[in-house]
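Note that these values count all heavy atoms, side chains included, but never hydrogens, waters or copies made by symmetry.
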Amino acid sequence: QVQLVESGGGLVQAGGSLRLSCAASDRTFSSYDTYGMGWFRQAPGKEREFVAAVSQVGTSTYYADSVKGRFAISRDNAKNTIYLQMNSLKPEDTAVYYCAARRPKGWGIMVPQGYDYWGQGTQVTVSS
């Protein structure tokens, strides 16, 4: 079973930057690098929404239109860690950000239902 722990959230002014990290540990025989990884976010009273994802191999990335050009997802398989670099932050980016992992399924890399394991989230607050 994969365990995920997010870090790097905090309070930042609009236009600023943050980098989120997600450290993963695999309690099964499966290797971390066999999983696709994603970031989702959830604001109070809102549904959890897709932010970004990186494929199992790490050669493909996916972004929500709302963050494209501002956020960048990356993975370091040697460190069992993924990152979300967030630049040009806006107040509407305020949310709890969740790291997620998935076994490849051929579908669902951009929806919560496509993921098998979730972290507990880290708060990102962007002030105007």
(Q) Please enumerate all residues that pass side chain to side chain contact (heavy atoms under 4.5 Å, CB included) together with Ser74, with sequence neighbours excluded. (A) Tyr83
Within the side chain of [X], is there an N or O that forms a donor-acceptor pair under 3.5 Å with the backbone of [Y]?
X: Thr94; Y: Val126; value: yes
X: Gln56; Y: Tyr35; value: no
X: Gln120; Y: Val5; value: no

Q | Residue list, salt bridge (Lys or Arg N to Asp or Glu O under 4.0 Å) with Arg19, at least two apart or on another chain | A | none
**Q.** Non-neighbouring partners of Glu49 that pass salt bridge (Lys or Arg N to Asp or Glu O under 4.0 Å), sequence neighbours left out
**A.** Arg41
To the nearest 0.5 Å, what is the distance between [atom1] on [X] and [atom2] on [Y]?
X: Ser55; Y: Tyr62; atom1: OG; atom2: OH; result: 6.0 Å
X: Ser88; Y: Arg70; atom1: OG; atom2: CZ; result: 7.0 Å
X: Ser127; Y: Leu11; atom1: OG; atom2: CG; result: 5.0 Å

Please table the atom pairs, donor to acceptor, closer than 3.5 Å between any side-chain atom in residues 106-116 and protein atoms at least two apart or in another chain.
| unit_1 | atom_1 | unit_2 | atom_2 | d |
| --- | --- | --- | --- | --- |
| Tyr115 | OH | Ile109 | O | 2.5 |
| Asp116 | OD1 | Lys105 | NZ | 3.1 |
| Asp116 | OD2 | Arg103 | N | 2.9 |
| Asp116 | OD2 | Lys105 | NZ | 2.6 |

Q.
Go through it in stages, so that I can follow the logic: the residues are Asn80 and Ser25, the test is side-chain contact (heavy atoms from CB on, under 4.5 Å), and I'd like the CA-CA distance, side-chain angles, deciding distance and then a yes or no.
A. CA-CA 7 Å; Asn80 288 352; Ser25 62; over 6 Å; no
Q. Which heavy-atom pair separates Leu84 from Ala52 by the least distance, and what is that distance?
A. CD1-CB, 4.1 Å
Q | Heavy-atom pair with the smallest gap, counting every atom of Ala14 and Ser128 | A | CB-CA, 4.4 Å
Q: Evaluate side-chain contact (heavy atoms from CB on, under 4.5 Å) for Ser17 paired with Gln85, printing each intermediate quantity in order.
A: CA-CA 8 Å; Ser17 298; Gln85 179 65 48; 4.0 Å; yes
Side chain to side chain, [X] and [Y], heavy atoms closer than 4.5 Å:
X: Tyr63; Y: Ile73; value: yes
X: Glu6; Y: Tyr98; value: yes
X: Arg102; Y: Met37; value: no
X: Leu18; Y: Val124; value: yes

Q. Is the centre of the Phe71 ring less than 6.0 Å from the centre of the Trp39 ring?
A. no
(Q) Please enumerate all residues that pass side chain to side chain donor-acceptor pair (under 3.5 Å) together with Thr125, with sequence neighbours excluded. (A) Gln123
Q) Got a sec, which residues hit side chain to side chain donor-acceptor pair (under 3.5 Å) with Gln42, two or more places apart in sequence or on another chain? A) Arg48
(Q) Checking Asp76 against Thr81: is there a side-chain donor and acceptor pair closer than 3.5 Å? (A) no
**Q.** Under-4.0 Å salt bridge between Asp93 and Lys90
**A.** no
